[in-house]
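Please read the structure below before turning to the comments.
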Amino acid sequence: MKRRLRLNILINILSTGCPRISVLSLKTFRAPKNPDWCPGCGNYGILSALTTALSELKLDPSKVVIVGGIGCSGKTPHYVFANGVHTLHGRAIPYAAGIRLANPELTVIVTGGDGDLLGIGVGHFVSAGRRNIDMTILIFNNQVYGLTKGQASPTLPRGVKTKALPRPNIQDAINPVRLALASGYTFVARGFAYDVPHLKELIKKAVLHKGSAVIDILQPCPTYNDVFTKEFYTQRIMKLDDLKDWDPVVRAPEEADEKMLKAWEKASWGDKIYIGVFYQNELVPTYEDRVSERIPLYKKYPPAKIPISVDGKPLASISHIIQPRII
Amino acid sequence: MAHEAKKEYQKVVIDQDICISCGACVAVCPVQALELDENAKARLIWDVCIDDFSCVKVCPVNCIWPTSQAPPEPKAKSKWYRFNAPLEGELKNTFEEWKKKYNVTGSPA
């Protein structure tokens, strides 16, 4: 498996025509490919924070998997020098869950937009919180469907009219932080795409967190969103770390409700928009722990490490399983 | 692209360590005085810049300043600017004066 991953990386390097030595020294996670997002897009800030966070954590690129959905945000796996999967619309989380459960050694990061993860994929988003699989979910939240010419997305508030809408939005908005808290995510944070050093620290914390982590990243769309712009955010954004006595970490099970209520209160969307870690609880067992309770050897022999064939012959024989049942 | 290099142009200063490679400045510059370098960071083409400052307003992470307002750290860094053509005659003097006036110690790429 390890050899195959390394081989894949080598093939990747050869096919992209990048100088081999400089890439194999792996100082950076930036892939040798120029992103085709619009100039000034918030995605560049997120990509920059993600790649620096990964290299500062000194992770092995062959052990990192970036899973992207559909949308401008879904292209992120192409621009990160690690294993990447570009999946179906809204289904990035199920893919990531499968990858992580098959091989718990991997660091799995989901990159999806608000339309992808909170629109078509909202069912998977809620379910992932219930399972608490150890992975990181980054929501690129720009309030519009940028790739399809700027329609209203699930995070656009009611009554707001962005450039491409003929009339103001008729639906209410989802608050991603509150939805994540309600779904049972054990690390919930909000970041700002243009505050790269702050976002980088958030991503590092989320990757190191044991359990499902979600970061709602406020990302201005300079092409289609003329309401939630850089100026709008810079006037309103406040840091949770600057508040007195702000401690989002749950250290005893009885504290959980109180800390969640405080996080819920601060997650509101108004004249003040808080960024930082809202809630962190490592006392909830992860899905990997829950599986190993039932299958004690799961962590030692996860599905990815079990050989399925020897000398070309499969180890499991279906005929042996169905033979006794044939009448 | 040749533009008249006036002495009073103060140009801009870029901090490539803050730059997120978004290319907003490159897209907005009316005289193509900015480019993305080999690391995809913004770089100034010194002799083309005409003090338009659209790039300063448009930069999402505020890593571009008019030279007179720039902090000292990026001025000491190197390779954030280059020349369109080798400097000759009066232009060379203008460059030396600019360097001295704004205390720019970094070298060009």
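Numbers restart at 1 for each chain; the letters A, B, ... are given by sequence-line order, proteins then strands.
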Using a distance-only test with no angle check, is there a side-chain donor-acceptor pair under 3.5 angstrom linking [X] and [Y]?
X	Y	answer
A:Asp242	A:Tyr274	no
A:Asn141	A:Asp216	yes
A:Gln219	A:Asn43	yes
B:Ser78	B:Ser107	yes

Heavy atoms of other groups near B:Lys92 NZ, more than 12 under 6.0 Å: no
So with a 6.0 Å cut-off around NZ of A:Lys163, is the heavy-atom count from everything else above 12? yes
Quick one: what part of B:Cys25 sits under 4.5 Å from any heavy atom of chain A, side chain, backbone, both or neither? neither
Interface residues of residues 12-24 of chain B facing chain A - non-hydrogen atoms under 4.5 Å apart: B:Ile20, B:Ser21, B:Cys22, B:Gly23, B:Ala24
